[in-house]
Colleague: 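Mind having a look at this structure? Questions to follow.
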There are 2 protein chains.
Amino acid sequence: MSKADRTREFIIEKTAPIFNVKGYAGTSISDLTEATGLTKGSIYGNFENKDEVALAAFDCNYKKISSYLKAEMDKHSSYKEKLLVHASFYENFFKAPFPDGGCPILNTAIEADDTHPQLRERASEAISSWKNKIMELIKKGIDNKEFRPDVPLEQTAISLIALIEGGIMVAKLTGKLNYRKLIMQSVEKAINDLT
Amino acid sequence: MSKADRTREFIIEKTAPIFNVKGYAGTSISDLTEATGLTKGSIYGNFENKDEVALAAFDCNYKKISSYLKAEMDKHSSYKEKLLVHASFYENFFKAPFPDGGCPILNTAIEADDTHPQLRERASEAISSWKNKIMELIKKGIDNKEFRPDVPLEQTAISLIALIEGGIMVAKLTGKLNYRKLIMQSVEKAINDLT
DNA sequence: TATAAAAAATACCAATCGGTATATTTTTGC
DNA sequence: GCAAAAATATACCGATTGGTATTTTTTATA
């Protein structure tokens with residue numbers, strides 16, 4: 001790993017939470033130099049422009065949550081338990097190892113959908129692959145006789161994602177622990193209803 | 001209505017959709033002068049600063065959706081039908097009279113929750129009063145024997161909001177009509193399950 | 001319709017924006 | 001350990017940012 005590669009990683013690691021908290025438009029190059037202790041010349045020596053840092057930052061934040069999900073799912077053997085990881089996923093969303101600022105998919109989707117096609121595409125692909133993963137789990141759960149055979153695959157998957165993401169918004173906005181708890185119970189109920 | 005009041009209304013009306021599309025940080029004063037055809041002096045003659053325009057813009061956008069919801073609910077007599085307005089609310093969200101840029105509560109929540117306490121408070125209050133409204137409808141529906149007496153009030157209300165808001169994000173991000181349809185069916189199902 | 005008051009336009013401000021050319025320092029391979 | 005190359009820092013750029021002081025125009029009233 002060359003010096004440049006290490007610096008690049010360092011910059012991404014330090015600035016990813018900033019983009020997630022302040023957004024693309026709200027994050028300035030001087031935010032990046034402050035967070036890294038590097039100078040503008042160094043940032044621009046390793047990245048073509050602000051866009052490239054922002055895209056790399058999204059990938060970094062996204063990887064944190066998707067690899068957490070995958071690792072937690074791998075701990076369980078039943079498909080119901082794998083799906084139920086989404087409840088603990090949601091419950092723990094505001095603690096480490098999750099990035100500061102909430103869900104990067106949600107944050108990026110809201111800011112970029114009308115303003116930044118590249119970031120929008122990243123978020124859109126994230127939703128799509130998340131949906132496919134859930135559908136796959138349900139399908140395998142049906143084959144395994146864990147779930148009812150008539151569970152609507154796509155509807156269940158996309159609605160579960162909507163419930164979780166909307167729940168993250170509500171919980172983070174209001175700061176009410178009770179809201180988080182209640183929505184988490186709804187996530188659990190939605191999954192239990194598949195059996 | 002004085003000239004100043006009319007100009008103030010004019011500025012709010014013209015700039016509210018811009019704030020909803022570009023966000024607070026992404027909207028500049030020159031965006032406001034372009035949209036209104038007025039000059040900077042005129043904007044600052046009617047508003048103290050950018051914050052004050054943004055807050056008025058949020059109120060304007062929020063009023064559009066809340067008055068739509070209220071008007072539609074008033075058309076129905078049963079509490080179930082009143083609740084089901086949320087499905088058509090969601091279905092029609094990307095057409096007039098809804099403001100450009102998606103749900104202003106969601107947009108403001110995501111951008112402002114870590115960065116702008118005043119806007120955050122506005123969004124938080126909007127969620128809170130929406131939740132109370134839904135709880136009130138369910139309660140009356142229970143008293144009216146439309147709904148089961150054991151429906152969990154707060155959980156149902158806050159989870160319905162989460163599902164709708166998450167659904168708006170997913171539908172707007174991906175542009176997939178099918179996702180919108182599927183999530184809308186989940187909203188309907190959640191309400192039908194109360195009976 | 002003349003006039004005072006209010007509103008809008010003009011012209012300006014320092015600070016910051018994203019970005020670059022160049023100089024200096026630090027790695028790297030021999 | 002020495003050069004060449006790569007990486008970082010410095011110094012700078014024009015454009016734009018949010019905001020203000022002042023002048024001109026428009027509105028309301030007597």
Side-chain angles (χ1 to χ4, degrees), chain A residues 1-58 60 108 111-112 114-120 122, chain B residues 1-58 60 108 111-112 114-120 122:
Chain A
M1 200 179 190
S2 72
K3 185 78 210 303
D5 288 340
R6 270 179 286 135
T7 306
R8 213 184 134 91
E9 279 306 304
F10 173 76
I11 292 171
I12 294 168
E13 202 68 35
K14 290 283 183 189
T15 63
I18 300 176
F19 277 106
N20 203 42
V21 166
K22 294 187 166 192
Y24 176 78
T27 301
S28 68
I29 306 296
S30 47
D31 286 329
L32 309 185
T33 59
E34 273 175 41
T36 55
L38 297 170
T39 60
K40 215 184 279 196
S42 178
I43 305 277
Y44 277 94
N46 290 284
F47 294 90
E48 203 187 319
N49 49 33
K50 184 182 163 183
D51 269 53
E52 206 185 302
V53 192
L55 290 166
F58 173 83
C60 171
T108 304
E111 179 177 17
D114 286 317
T115 59
H116 200 299
Q118 287 181 290
L119 278 172
R120 176 203 173 126
R122 291 282 219 282
Chain B
M1 203 181 189
S2 73
K3 182 79 209 307
D5 287 340
R6 270 178 287 136
T7 305
R8 212 184 135 92
E9 279 307 303
F10 173 76
I11 293 171
I12 294 168
E13 202 70 33
K14 290 282 183 188
T15 62
I18 300 177
F19 277 106
N20 203 42
V21 166
K22 296 187 164 191
Y24 176 79
T27 300
S28 68
I29 306 295
S30 47
D31 287 328
L32 309 185
T33 60
E34 274 175 41
T36 55
L38 297 170
T39 59
K40 214 185 280 195
S42 177
I43 304 277
Y44 278 93
N46 289 284
F47 294 89
E48 203 188 319
N49 49 34
K50 184 183 164 184
D51 269 52
E52 205 185 303
V53 192
L55 290 166
F58 173 83
C60 172
T108 303
E111 178 177 16
D114 285 318
T115 60
H116 199 299
Q118 287 182 289
L119 278 173
R120 177 203 174 128
R122 290 282 219 282

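Just so we're clear, the structure is a prediction, and the values are computed from it rather than from any experiment.
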Colleague: Any side-chain N or O of Tyr44(B) under 4.0 Å from OP1/OP2 of dG19(D)?
Modeller: yes
Colleague: So does Arg6(A) get a side-chain nitrogen or oxygen closer than 4.0 Å to the phosphate oxygens (OP1/OP2) of dT28(C)?
Modeller: yes
Colleague: Does Thr27(A) reach a base, just sugar-phosphate, or nothing at all? Heavy atoms under 4.0 Å.
Modeller: sugar-phosphate
Colleague: Using whole Å, what does the distance between atom P of nucleotide dC17(C) and atom CD of Glu34(A) come to?
Modeller: 9 Å
Colleague: Please write out each protein N/O paired with an N/O of nucleotides 5-13 of chain D under 3.5 Å, distance rounded to 0.1 Å.
Modeller:
from	atom 1	to	atom 2	distance (Å)
dT8(D)	OP1	Lys3(A)	NZ	2.8
dT8(D)	OP1	Thr7(A)	OG1	2.5
dT8(D)	OP2	Asn46(A)	ND2	3.0
dA9(D)	OP2	Thr39(A)	N	3.0
dA9(D)	OP2	Thr39(A)	OG1	2.9

Colleague: Tell me the interatomic distance from Ile43(B), atom CD1, to dA11(C), atom P, rounded to whole angstroms.
Modeller: 18 Å
Colleague: His116(B) vs Tyr24(B) aromatic rings, parallel, tilted or perpendicular, using cut-offs 30° and 60°?
Modeller: perpendicular
Colleague: Toward the 5' end of DNA chain C, which comes first, Ser28(A) or Glu48(A), by nearest nucleotide?
Modeller: Ser28(A)
Colleague: Taking atom CD of Glu52(A) as the centre, report whether more than 12 heavy atoms of other residues, nucleotides or ligands fall under 6.0 Å from it.
Modeller: yes
Colleague: Which whole-number value in Å describes the distance from Ile11(B) CD1 to dA7(C) P?
Modeller: 11 Å
Colleague: Is there a side-chain contact between Leu38(B) and Thr7(B) in this structure, where contact means two heavy atoms from C-beta onward sitting under 4.5 Å apart?
Modeller: yes
Colleague: Within this structure, what is the CD1-to-P distance between Ile29(A) and dC17(C), rounded to whole angstrom?
Modeller: 9 Å
